[in-house]
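Below you'll find the structure, written out as structure tokens, and then a few comments.
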There are 2 protein chains.
Amino acid sequence: MSQVFKALSDPTRRRVLQLLRQGPLSAGEISDQFDVSKPTMSAHFAVLREADLVHAEKAGKSVIYHLKLSVLEEALLGFVHSFGVGGQASTSKQEVTE
Amino acid sequence: MSQVFKALSDPTRRRVLQLLRQGPLSAGEISDQFDVSKPTMSAHFAVLREADLVHAEKAGKSVIYHLKLSVLEEALLGFVHSFGVGGQASTSKQEVTE
DNA sequence: GACTCATTTCGACGATTAGCTAATCATCTC
DNA sequence: GAGATGATTAGCTAATCGTCGAAATGAGTC
């Protein structure tokens with residue numbers, strides 16, 4: 001839970017996720033869209049993997065990143081719903097998932 | 001946008017918001033629920049104010065904190081919706097709000 | 001095997017963060 | 001005004017973060 005919000009707290013990582021909406025991309029293809037070094041992007045990918053927001057698939061020399069939309073959706077909607085808004089509510093439950 | 005996710009990335013701050021679901025509380029009442037010092041809690045409150053997730057109202061010696069549920073809701077649901085899931089979709093739009 | 005390309009790992013750096021104690025500010029009560 | 005109370009600010013430490021260049025790893029190609 002913390003890891004998801006942590007991952008989303010960086011604009012670069014949010015932009016990576018937005019890019020992946022339209023389909024899988026290789027690490028290099030993603031990095032080309034940003035003005036930071038490859039190692040920096042690789043670190044961002046690691047954070048996204050850690051949060052389970054993306055899946056890394058090796059394909060030859062490349063690594064293809066896939067968006068795990070269901071994880072993103074469940075984490076955020078689940079959190080919002082715990083406040084009793086945004087669709088199905090669960091106003092009573094009081095938990096702070098790590 | 002970043003500030004909201006940043007604020008939510010800390011378990012203590014998420015728990016503060018969860019506490020405020022049931023109604024406004026003073027800084028002291030909130031702090032009593034945690035095992036960290038008052039100044040540390042005050043810093044957490046500052047982060048939540050910065051993210052506009054809470055409203056601080058002075059009442060005599062105390063400061064009463066209110067949850068700004070609509071801000072939380074719009075930030076998170078808005079983000080999820082930009083991915084085309086979670087209710088009303090907006091699959092085409094591509095933005096990374098700061 | 002040697003070479004090349006794609007990506008990650010390794011150190012290192014400056015900036016930020018969460019935490020603490022001690023001090024200060026603000027307000028109420030006597 | 002002098003305390004007392006609630007909250008924040010100041011100043012510090014330790015840890016984490018985003019960034020980089022250089023080096024290392026992995027996977028194809030000749």
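Predicted model only: the values in this text are computed from it and were never measured. What's counted below: heavy atoms across the whole structure, side chains too, no hydrogens, waters or symmetry copies. Just so it is clear: chains get the letters A, B, ... in the order the sequence lines come, proteins before strands, and each one is counted from 1.
Atom CG of L48(A) sits about 8.5 Å away from atom OH of Y65(A), to the nearest 0.5 Å. K38(B) NZ to D32(B) CG: the interatomic distance, rounded to the nearest 0.5 Å, is 5.5 Å. Interatomic distance, CG of L72(A) versus CG of D52(A), reported as 11.0 Å (0.5 Å rounding).
For S37(A), whose side chain is taken as the heavy atoms from C-beta onward, the closest listed nucleotide among dG21(D), dC5(C), dT8(C) is dG21(D). Counting only heavy atoms from C-beta on, K38(A) has its side chain closest to dT8(C) among dT8(C), dT8(D), dG19(C). When each of dA7(D), dG21(D), dA6(C) is scored by its nearest atom to the side-chain atoms of S62(A), the top-ranked nucleotide is dA6(C). Closest to the side chain of A43(A), out of dA10(D), dC10(C), dT19(D), is dT19(D). In the set dA7(D), dT16(C), dG28(D), dA7(D) carries the atom at the smallest distance from any side-chain atom of V63(B).
Rounded to whole angstrom, the span from the CD1 atom of I64(A) across to the P atom of dC5(C) amounts to 18 Å. Rounded to whole Å, atom C1' of dT7(C) lies 12 Å from atom CD1 of I30(A). Regarding D10(A), its CG atom lies at a distance of 13 Å from the C1' atom of dT16(C), rounded to whole Å. Note: CG (D32(B)) to P (dA7(D)) measures 9 Å, nearest angstrom. Nucleotide dA18(C) holds its P atom 16 Å from the CZ atom of R15(B), rounded to whole Å. Computed from coordinates, the K6(B) NZ to dT16(C) P distance equals 9 Å when rounded to whole Å. Remark: C1' of dT8(D) and CG of L48(B) are 15 Å apart, rounded to the nearest angstrom. Note: CZ (F45(A)) to C1' (dT7(C)) measures 9 Å, nearest angstrom.
Between Q33(A) and the choices V16(A), L25(A), L19(A), the side chain to side chain contact (heavy atoms under 4.5 Å, CB included) rule is met once, by L19(A).
Between dT8(C) and R49(A), a contact under 4.0 Å exists linking OP1 or OP2 to a side-chain N or O. Residue H44(B) places no side-chain N or O under 4.0 Å from the OP1 or OP2 atom of dT17(C). At dG26(D), none of the side-chain N or O atoms of K58(A) fall inside 4.0 Å of OP1 or OP2 (strictly under the cut-off). Between T40(A) and dT19(D) there is no side-chain N or O to OP1 or OP2 distance below 4.0 Å. Taking 4.0 angstrom as the limit, Y65(A) places a side-chain polar atom (N or O) nearer than this to OP1 or OP2 of dT8(C).
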Candidate pair D10(B) and V47(B), rule side chain to side chain contact (heavy atoms under 4.5 Å, CB included), full reasoning: CA-CA 10 Å; D10(B) 186 279; V47(B) 174; over 6 Å; no

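Positionally, the nearest nucleotide of DNA chain D for R13(A) lies more toward the 5' end than for the other of A59(A) and R13(A). Between K61(A) and A46(A), the residue anchored nearer the 5' end of DNA chain C, judged by the nucleotide with its closest heavy atom, is K61(A).
When heavy atoms are screened at a 4.0 angstrom cut-off, S26(A) is found touching the sugar-phosphate backbone but no base atom.
A donor-acceptor contact closer than 3.5 angstrom is absent between the side chains of S9(B) and R14(B).
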